[in-house]
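Heads up, the thing below is written out as structure tokens.
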Amino acid sequence: MAKLLIEGGVPLSGDVPVSGAKNAVLPILAGALLADGVVRIGRVPHLQDVTTMMELLGRMGVELALDERLWIELDPTRLREHVAPYELVRTMRASILVLGPLLARWGRAVVSLPGGCAIGERPVDLHIKGLRALGAEVELSGGYIEARAERLSGTRIVMDLVTVTGTENLMMAATLARGTTIIENAAQEPEVVDLARFLKRLGARIEGEGSNTIIIEGVERLSGGEYEVLPDRIEAGTYLVAGAISGGRVKVTGVRPEHLDAVLLKLREAGAELAIGTDWIEVDMRGRRPRAVDLTTAPYPGFPTDMQAQFCALDAIAEGVGLIRETVFENRFMHAQELRRLGADIAVEGNTAIIRGVPRLSGAPIMATDLRASASLLLAGLVAEGTTVVDRIYHLDRGYERIEEKLARLGARIRRIR
Ligand code: UD1
């Protein structure tokens with residue numbers, strides 16, 4: 001199995017381009033199922049999760065191709081299957097995103113329940129409840145969600161809690177429903193907004209995306225169309241932390257700085273100097289050791305849970321004590337145990353990690369447990385003395401495009417080994 005070998009201790013320096021956002025491209029690819037024509041998507045990152053989503057769509061009968069600009073071309077008009085099988089859903093929870101579009105456009109969807117997941121329970125009850133409110137018949141049997149509807153009907157849905165893919169599934173389903181759907185307590189993440197913009201490009205009528213109330217006026221059909229995915233704010237944030245943790249200077253390019261407000265605030269508190277342009281951000285630590293920061297994760301525009309693990313790594317070598325509270329997912333501190341193997345002083349009590357910064361970490365073999373946890377281990381490896389070998393990096397390949405190349409470009413001594 002592939003591993004990453006890192007020789008720590010180099011302050012990173014240079015520019016790194018940011019790829020298209022994983023969490024935007026996945027719902028957008030699923031959303032192509034709604035179209036009545038060919039859809040072309042640009043800035044698609046080369047990630048394992050994207051490959052999984054394309055495999056899923058391909059098995060259903062969506063025709064996939066690359067056009068001359070290397071945009072992905074999807075023709076969903078000759079769909080044969082309405083099934084998302086367990087073997088794919090279990091490798092990627094975001095497969096649940098086909099549920100809403102299949103049902104709305106094709107009247108039928110059979111999607112495996114995702115089951116347990118390394119970072120907590122992660123149920124899909126709100127997706128199901130919302131679809132029932134839109135008039136679908138939904139049954140659970142044999143580990144599958146089986147949903148049917150002649151045509152969905154618009155309604156007012158108040159989400160019990162903020163869910164990103166839940167909001168996306170219901171927004172997609174509502175685009176073809178009869179009448180108006182109002183989603184209250186909707187997720188406000190930039191990726192939800194990106195999906196709404198894509199759907200509007202196909203002819204959907206949506207208002208309020210980016211606020212907590214999204215209003216969707218159902219239409220008869222959606223056409224084909226083109227769309228370019230927004231840049232990945234989590235990837236950008238991860239490279240900025242790489243700059244900060246290593247005491248270096250890193251500029252991320254091709255980003256939307258306004259999507260990173262909560263993360264930039266914490267980098268400043270950690271003592272980083274920031275320069276921000278229209279589509280770039282530069283972090284400069286001037287060789288200093290970071291100061292520990294406290295933070296609490298929350299739905300957007302709060303501090304993203306997908307950046308929590310990376311800040312645990314930062315606090316691990318910072319001056320002072322950092323309190324990191326996770327409120328979005330239970331059980332999202334698996335990286336704490338592995339970071340301890342590098343010498344970090346982390347205690348986890350309930351949903352809070354108490355991190356006492358140590359002056360140095362030392363290299364060791366460690367194991368990745370989920371996507372963002374893997375990123376935090378890699379970051380810690382960049383500053384640990386000696387050699388760190390990170391095992392199970394397939395988690396990283398799910399969400400970071402060519403991560404070792406991008407880090408090597410910044411001067412990191414890193415390579416992939418078998
Ligand atoms: C999405 C992101 C993921 C990110 C997360 C939170 C994608 C593909 N993934 O995941 O990277 O970490 O948002 O920002 O976009 N919940 C329920 N019932 C439901 C749905 C969710 O109880 O039906 C709970 C979850 O267990 C969790 C919380 O709601 O505690 C938020 O989860 P949610 O926003 O749904 O996460 P995802 O959409 O799966």
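Below, all heavy atoms of this structure are taken into account, side chains as well, without hydrogens, waters or symmetry copies. As the structure lists them, so they are numbered: ligands from 1, and atoms in each ligand from 1. Numbering of residues begins at 1 and proceeds along the displayed sequence.
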- Before accepting this row, confirm whether a basic side-chain N of the pair K129/D160 lies closer than 4.0 Å to the acidic partner's carboxylate O.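 Salt bridge present between K129 and D160.
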- Could R108 and W106 be counted as a cation-pi pair, given that NZ or CZ must be under 6.0 Å from the ring centre and within 45° of the axis?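 No, cation not above the ring by the 6.0 Å, 45° rule.
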- Message: Does the Lys NZ or Arg CZ of R90 fall within the cation-pi geometry relative to Y86 - under 6.0 Å from the ring centre and within 45° of the axis?
- Response: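 Relative to the ring axis of Y86, which defines the angle, R90 lies inside both limits.
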- Of V98, I28, V25, which meets side chain to side chain contact (heavy atoms under 4.5 Å, CB included) against M53?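 Of V98, I28, V25, side chain to side chain contact (heavy atoms under 4.5 Å, CB included) with M53 is met by V98 alone.
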Check if [X] has a non-hydrogen atom at a distance under 4.0 Å from any atom of ligand 1.
X    : answer
H127 : yes
I96  : no
P123 : yes
M307 : no

When only distance counts, is [X] in polar contact with ligand 1, meaning an N/O pair under 3.5 Å?
X    : result
T305 : no
A94  : no
K22  : no
T165 : yes
G166 : no
D125 : yes
T163 : yes
V164 : yes

Taking only heavy atoms of [X], which atoms of ligand 1 are found under 4.0 Å from at least one of them?
X    : result
V124 : 19 (C), 23 (O)
R332 : 12 (O)
V328 : 27 (C), 28 (C), 30 (O), 31 (C)
V162 : 31 (C), 34 (O)
F329 : 5 (C), 6 (C), 12 (O), 27 (C), 30 (O), 32 (O), 36 (O)
L126 : 18 (N), 19 (C), 23 (O)

- Query: Between Y227 and D194, does any side-chain donor sit less than 3.5 Å from a side-chain acceptor?
  - Reply: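 The criterion, which ignores hydrogens and geometry beyond distance, is satisfied for D194 and Y227.
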- Do the side-chain N and O atoms of E189 and H259 include a donor-acceptor pair separated by under 3.5 angstrom?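 No, no side-chain donor-acceptor contact under 3.5 Å.
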- Item | Qualifying residues under side chain to side chain donor-acceptor pair (under 3.5 Å), relative to D397, sequence neighbours excluded |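 Counting only residues at least two positions away or on another chain, D397 forms a side chain to side chain donor-acceptor pair (under 3.5 Å) with R416.
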- Item | 4.5 Å side-chain heavy-atom contact, Y300 and V164 |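 The answer is no, as the side chains (C-beta and beyond) never meet within the 4.5 Å cut-off.
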- Message: Once side chain to side chain contact (heavy atoms under 4.5 Å, CB included) is applied, do any residues pair with S95, and if so which ones, sequence neighbours excluded?
- Response: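 By the side chain to side chain contact (heavy atoms under 4.5 Å, CB included) rule, S95 matches L56, V89, M92.
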- Among N351, T305, T352, find the one that has a side-chain hydrogen bond (donor to acceptor under 3.5 Å, both in side chains) with E326.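 One option only clears the test, and that one is T305.
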- Message: Tell me if the centroids of the rings in F311 and F303 come within less than 6.0 Å of each other.
- Response: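 When the ring centroids of F311 and F303 are compared, they turn out to be within the sub-6.0 Å range.
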